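Bear in mind that the values here come from a model prediction, so they are computed numbers and not experimental data. Note on naming: letters A, B, ... go to the chains in the order of the sequence lines (proteins, then strands), and numbering restarts at 1 for each one.
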Amino acid sequence: MKYWMMKSEPDVFSIDDLQKKGLEPWNGVRNYQARNFMREMKLGDKVLFYHSNAKEIGVVGLMEVSKEAYPDPTQFLAKSEYYDPASKKEDPRWSLVEVKFVEKFPRIVTLEMLKQTAGLDGLLLLRKGNRLSVTPVEAAHFKIIVGLKK
DNA sequence: GCCAACGTTGGC
DNA sequence: GCCAACGTTGGC
């Protein structure tokens, strides 16, 4: 079992949206590194949900991979903001995974808390200049972060 | 709104 | 293949 973190701007898609829907195909990732991480995800892997570009920035809950990587349909939709005219149906460029809601944390584990918590050295999220929307998380880091939820 | 960091594009 | 220009991310 592996652990991951995925970012979303809550104005676009939030933990509350996920809770309502139950499941979500994580479409719109258009970064090769992030795509490759999603392709590594296995059914049942745990995923931290991170709100970026928000009033309260941080980890807001937990999800689980409910379907492994498959082609992101939005890359073929001319009207979609995620449309990629260079991607061919016989060789799709972009993938996504489907995730399901597990829990919303009682409080947000803020970026500030993460920065001040010992033992999170090396967490990719905290690396200077890191903008990846999908990153792996070490098991030890995952446990520490979940432990901060209340 | 600013800007640092980073990825992508395209001319050469 | 290099690299300048440009676009995007995301914290502040």
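Looking only at atom types and distance, the side chain of A:T74 has a donor-acceptor partner in the side chain of A:D72 under 3.5 Å away. When only modelled atom types and interatomic distance are considered, A:S66 and A:E98 share a side-chain donor-acceptor pair under 3.5 Å.
If you check residues 74-92 of chain A against DNA chain C, you find no residue with a heavy atom closer than 4.0 Å. Remark: A:K128, A:G129, A:R131 in residues 123-133 of chain A come within less than 4.0 Å of DNA chain B through at least one heavy atom. Using a 4.0 Å cutoff on non-hydrogen atoms, the parts of residues 106-120 of chain A near DNA chain C are A:L111, A:K115, ordered by number.
Heavy atoms of A:E9 sit nowhere under 4.0 angstrom from any nucleic acid atom.
Taking a cutoff of 4.0 Å between a charged side-chain nitrogen and a carboxylate oxygen, A:D84 and A:R93 qualify as a salt bridge.
Contact between the side-chain N/O atoms of A:Y32 and the OP1/OP2 oxygens of B:dC6 is not found at any separation under 4.0 Å. At C:dT9, none of the side-chain N or O atoms of A:K7 fall inside 4.0 Å of OP1 or OP2 (strictly under the cut-off).
A:F101 pairs by the ring pair (Phe, Tyr, Trp, His ring centres under 6.0 Å) definition with nothing, not counting sequence neighbours. Qualifying side-chain contact (heavy atoms from CB on, under 4.5 Å) partners for A:N130, counting only residues two or more places apart in sequence or in other chains: A:K7, A:R127, A:L132, A:T135. Every residue meeting the ring pair (Phe, Tyr, Trp, His ring centres under 6.0 Å) condition with A:Y32, not counting sequence neighbours, appears here in chain and number order: A:W94.
A heavy-atom distance below 4.5 Å is found between the side chains of A:H51 and A:F49.
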